[in-house]
Each structure stands twice: as structure tokens, then as C-alpha cells.
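As a basis for the values below, the full set of heavy atoms in this structure was taken, side chains included, without hydrogen atoms, waters or symmetry mates. Counting starts at 1 for both ligands and their atoms, in listed order. We count residues from 1, following the sequence as given. The model shown is predicted, which means the values in this text are computed figures rather than measured ones.
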Amino acid sequence: MTFNIGLGVTGGIAAYKAVEVLRLLQKAGCDVTVAMTRHATEFVQPLTFRALTDRHVIVDDYDPANPDPIAHINFSQNIDLLLIVPATANIIAKFANGVADDFLSSTYLATTAPVIIAPAMNVTMWEQPATQRNVEQLRADGVHFVDPVAGELACKTVGTGKLEDVENIVSQALRLLNAKTQRGKDAKADLAGEKLLITVGGTREAIDPVRFISNHSSGKMGFALAAAAADRAASVTVVAGVTTVEPPSNVNVIRAVSAEQMHEAVMKELPSATIFVGAAAVADYAPANAADAKIKKEGRDTMTLELKKTPDILADVSRNRHDGLMVVGFAAETNDVVGYARSKMEKKGLDIVVANDITKEGAGFNTDTNIATIITHTTETELPLISKRELGDRILDEVIRLRQGQSITN
Ligand code: PMT
């Protein structure tokens, strides 16, 4: 299959390496059209790319030499991938903030194709909080990065900022395109007939009518998974605790504040579910005796709360599972992440456990991204930083893979 790739070149010293990327993509059978920012043309002449592609190289939509009067629209809608090599801090900032003041940034806004960015810049520019914020924003928007590597930079300093090897950039681009084609072939109605029941968000355990014990869960992970499942034609019910984001519009939402209420709602819905996912951060303990009236602080320098264990929803689901129910749990850990997750999988009788290290930047609570390992009894898939939506899809892929195994052995 021939892939149409839009190669965007921006103004950094590594711009000359984009020529090699172009050659390697062509060798792999890709059809490449090149767009350059004006600053990129200070480093490499558009003629170089024109000679190699036999096509006009777009720098400016409004250039009278440009054969296409609305080039950014046509260009953006006829590519399977937008690949930016090298990407400067400036183009990353524009993409992250929706600025569209030149051909390449307008193309980014106008495309629905996946985007891969391979940055290259001075180490201080790369490590600037502003650049890192923009990178984080783009990752959350679903943009893929081929991160820069450490080495000696053009400015003679040593640090992270060097463009990754061109072979690695090209192989990551091809891998993404091939995976996308495969998913396209599998047409996303692959969860039709499945009924997902998902716990989402955090619980609140009342101390008195004013105070409670809770945690940092926003609901982003559970809702992203719910949206992914609904988009793949599953019927989805979420039992949501306290969340700070809105649920997707195409799922059924049941609210439950405490662990006790969440347990009750789950058990009621369980008989009709075919897949259960415990993505909620359920409080493990709740005050043994919540006060009916506000507890007064007068005359108390310290206060002791007696806590009692909450029902373990996930373990109860697994214990009461009916034939064919697939049970997926999460494990939020801070150390020996995979080890603890595996032991939860055994203790709670899970088919899959998703281990996330909540100490890692971009992972865990209240982020749009996560870093996780998907563990089954026979496999362990370590994933890089990806959006929670993409992680949702990867978990569902694993569920389907196990289902297929079940139907082969049955
Ligand atoms: O909501 P976000 O801000 O997006 O954050 C996502 C997340 C960090 C909450 C999510 O990725 C996650 O890890 N969820 C599980 C958090 C957790 O409580 O993990 P745990 O290791 O304490 O519990 C293990 C499993 O048992 C979980 O599936 C949990 O839902 C379940 N459990 C725990 C206790 C309990 N009483 N009942 C349960 O069902």
C-alpha cells in the first residue's frame, strides 16, 4: 500500500536531515509532498526537495508560483500522515496553541491525519517549561513525538535536543501508518454486542456532613475508556464517583458518591454486563461512624478517626462473575508497579490488570495522558506515554484478543 506523507520541514540546523528522511520514505514506497517554513528555506533550498519529489515545495500559500490556490486545505486532506522533521520550539508552540499564520501551521490545523513531530533544538530551549508544556499539550491532543536524543548539539553544547536518527524516525512513521491501516481493516465495530460496565472517578467517604476522605481521581481515564468502547459499538454504562470532567455523551451514567454506593450500583448492573472495568480510585477505608452533625473542633488538639474497610468492588465482581464476563482492573502504584499489579491480578481474580505508575510525569491522576503496562496471565505490554483515549483503545484491543482466545478454546 502506498502512503501519502506530508513532510513538514522547519527552520533548524537539522533541516538537512529531512532530505534523508524523504529518501528513506521514498525507498519504503511512500509518496511524499514537502512543505517548508520560510526559516527552513534559510537552511535548505526548496529546490533540493523539488528535485527529489518532482513536485512544487510549498512554503507560502499566497506565492503566485504555488499552483494550488488553497494549498493548505488540499495538502492537509490528502495525506495519511503529517511528519515534521525537524520541529523547532516555535512550530511546536504554534501547533499547541492553534496559531495558523503560515502554510505549515495552517496545514496542521486543517488535517485529520495523524501527526508525528521530531523536534531538534538547543537543550535549554527543549527543556524550557514553555516548550515542555506545549509538548505535553500536543501529546494530550493525540500528537506523536519522536523525542530528541542526547548528544553534542550544533551550538556545541551537550544535552538532549539532537534529532533522533533518521532511520528511527522513518521506522516509527511506518509503524504508525501500518497500525492505522490494520485498525482500519478491522473496522471499529469490533465491540458490537458487548456491554461494558466501568467504574470511574474517585469516591468520597463522609466524616461528617461537611468533611470527607477522597483522592485525586478526575475521571479522565475511565471516561476515555468508556468513549473508546462506545465508539467501537459497545453499549456502555459507567458508574461514576466524583469526577472533574464531563462524561462522554454516548454512554449511560449512574452516579455514586461513596464506595458503598458504587458497590451497590455495580452489583445491580453486573448481571447484564459482559465486560467489567474497574478504573475508579475507590477509597479503601471509610470512617467507621460518620457523624450526623458537624464535628466541632473546640477543646480538641488532635482527633482520631476510626476507619473501616470499604467493600472491594472489583474483587466482588470477580467472585460473582457469570459465564463470559471479562474482568479488568487497574493498579495505581508508586513502586514495584508490575509486581504489585500482578499480585492484585491473582488476588482479585482478574483477566487483565492495567498498571500505572502514578509517580511518573504525565501518568496517573488528572492528566490527559498515561504510562501503563497491560498485564494478562501470559503477556505484559509496556506502553509509552500515550493519551488516555489511546490507552483505552489498547486495553480494549487486549480484551478482544483474549475473547478470541476464549472462543478458540471453547
Ligand atoms: O481518574 P483519573 O484522574 O484519570 O486517574 C486515573 C486513575 C489513576 C484513577 C486510574 O488510572 C487508576 O489507576 N485507577 C485505579 C486506582 C486504584 O484505586 O487502584 P488500586 O490499586 O487501589 O485498586 C486496584 C483496583 O481495585 C482498581 O481497579 C480499583 O478500581 C479496584 N478497587 C479498589 C478498592 C475498592 N474498594 N474497590 C475496588 O474496586
* To do: Answer yes when Asp316 and Lys348 have at least one side-chain N-carboxylate O distance shorter than 4.0 Å, and no when they do not.
  => no
* Asked: Which one holds for Asn356 and ligand 1: side chain close, backbone close, both close, or neither close, with close meaning a heavy atom under 4.0 Å?
  -> side chain
* Atoms of ligand 1, numbered as shown, that sit under 4.0 Å from any heavy atom of Lys220 -> 1 (O), 2 (P), 4 (O)
* Would Lys309 and Asp284 pass as an ion pair if we require N to O under 4.0 Å? -> no
* Structure fact -> The closest protein heavy-atom partner of atom 1 (O) of ligand 1 is Ser217 OG, 2.6 Å
* Does any N or O atom in Lys388 lie less than 3.5 angstrom from one in ligand 1, N or O only? -> yes
* **Any donor-acceptor N or O pair under 3.5 Å, side chains Asn215, Ser217** => no
* Asked: Should Asp368 and Lys388 count as an ion pair when the cut-off is N to O under 4.0 Å?
  -> no
* Donor-acceptor pair, side chain of Thr274 and main chain of Lys195, under 3.5 angstrom -> yes
* Structure fact -> Heavy-atom proximity to atom 36 (N) of ligand 1 ranks first, among Gly241, Ala259, Pro311, Ala341, for Pro311
* Asked: What protein heavy atom sits nearest atom 32 (N) of ligand 1, and how far off is it?
  -> Lys348 NZ, 3.9 Å
* Can you list the atoms of ligand 1 that are under 4.0 Å from a heavy atom of Thr310? -> 36 (N)
* What residue and atom, counting heavy atoms only, is the protein's closest point to atom 24 (C) of ligand 1, and at what distance? -> Phe330 O, 2.9 Å
* Using atom types as modelled and distance alone, determine if a side-chain donor or acceptor of Arg211 lies under 3.5 Å from a backbone N or O of Ile295. => yes
* Can an N or O of Gly278 be found at a distance shorter than 3.5 Å from an N or O of ligand 1? -> yes
* Nearest neighbour in protein (non-hydrogen) for atom 37 (N) of ligand 1 -> Ile313 N, 3.2 Å
* To do: Identify which of Ser218, Ala315, Gly222, Ala355 has a heavy atom lying nearest to atom 2 (P) of ligand 1.
  => Ser218
* Report the nearest protein non-hydrogen atom to atom 30 (O) of ligand 1: residue, atom name, distance rounded to 0.1 Å. => Ala280 O, 2.6 Å
* Closest non-hydrogen protein atom to atom 19 (O) of ligand 1, residue and atom name please, with distance? -> Ala332 N, 3.5 Å
* Close N or O approach (Gly201, ligand 1; < 3.5 Å) -> no
* Going by distance only, is there an N or O of Thr199 that falls short of 3.5 Å from an N or O of ligand 1? -> no
* Arg403 and Glu194 ion-paired at < 4.0 Å -> yes
* To do: Flag the pair Leu225 / Val277 as yes when at least one side-chain heavy-atom distance between them is below 4.5 Å, and no otherwise.
  => yes
* To do: Report the nearest protein non-hydrogen atom to atom 20 (P) of ligand 1: residue, atom name, distance rounded to 0.1 Å.
  => Lys344 NZ, 3.6 Å
* To do: Decide whether Arg139 and Thr367 meet the rule of one side-chain donor and one side-chain acceptor closer than 3.5 Å.
  => no
* Please could you name the atoms of ligand 1 that Asp284 approaches to less than 4.0 Å, counting only its heavy atoms? => 34 (C)
* Asked: If you count the atoms of ligand 1 from 1 in the order shown, which ones are under 4.0 Å from a heavy atom of Asn366?
  -> 2 (P), 3 (O)
* Structure fact -> For Gly219, the ligand 1 atoms with a heavy-atom partner under 4.0 Å come out as 1 (O), 2 (P), 3 (O)
* To do: Please identify which atoms of ligand 1 are closer than 4.0 Å to at least one heavy atom of Gly329.
  => 28 (O)
* Please work out whether any backbone atom (N, CA, C, O) or any side-chain heavy atom from C-beta onward of Val200 is under 4.0 Å from ligand 1, and answer side chain, backbone, both or neither. => neither
* Sub-4.5 Å side-chain heavy-atom contact between Gln261 and Thr203 -> no
* N-O pairing of Glu333 and Lys344 below 4.0 Å -> yes
* **Whether Phe103 and Phe75 hold their rings parallel, tilted or perpendicular, with breakpoints at 30° and 60°** => perpendicular
* **pair Cys30-Leu174: side-chain heavy atoms closer than 4.5 Å** => yes
* atom 39 (O) of ligand 1 - nearest protein heavy atom and its distance -> Leu314 N, 2.9 Å
* Check whether any side-chain heavy atom of His144 sits under 4.5 Å from a side-chain heavy atom of Glu390, and report yes or no. => yes
* Asked: When you measure from atom 14 (N) of ligand 1 to each heavy atom in Ala363, Ala331, Ala279, Ala281, which option holds the nearest one?
  -> Ala279
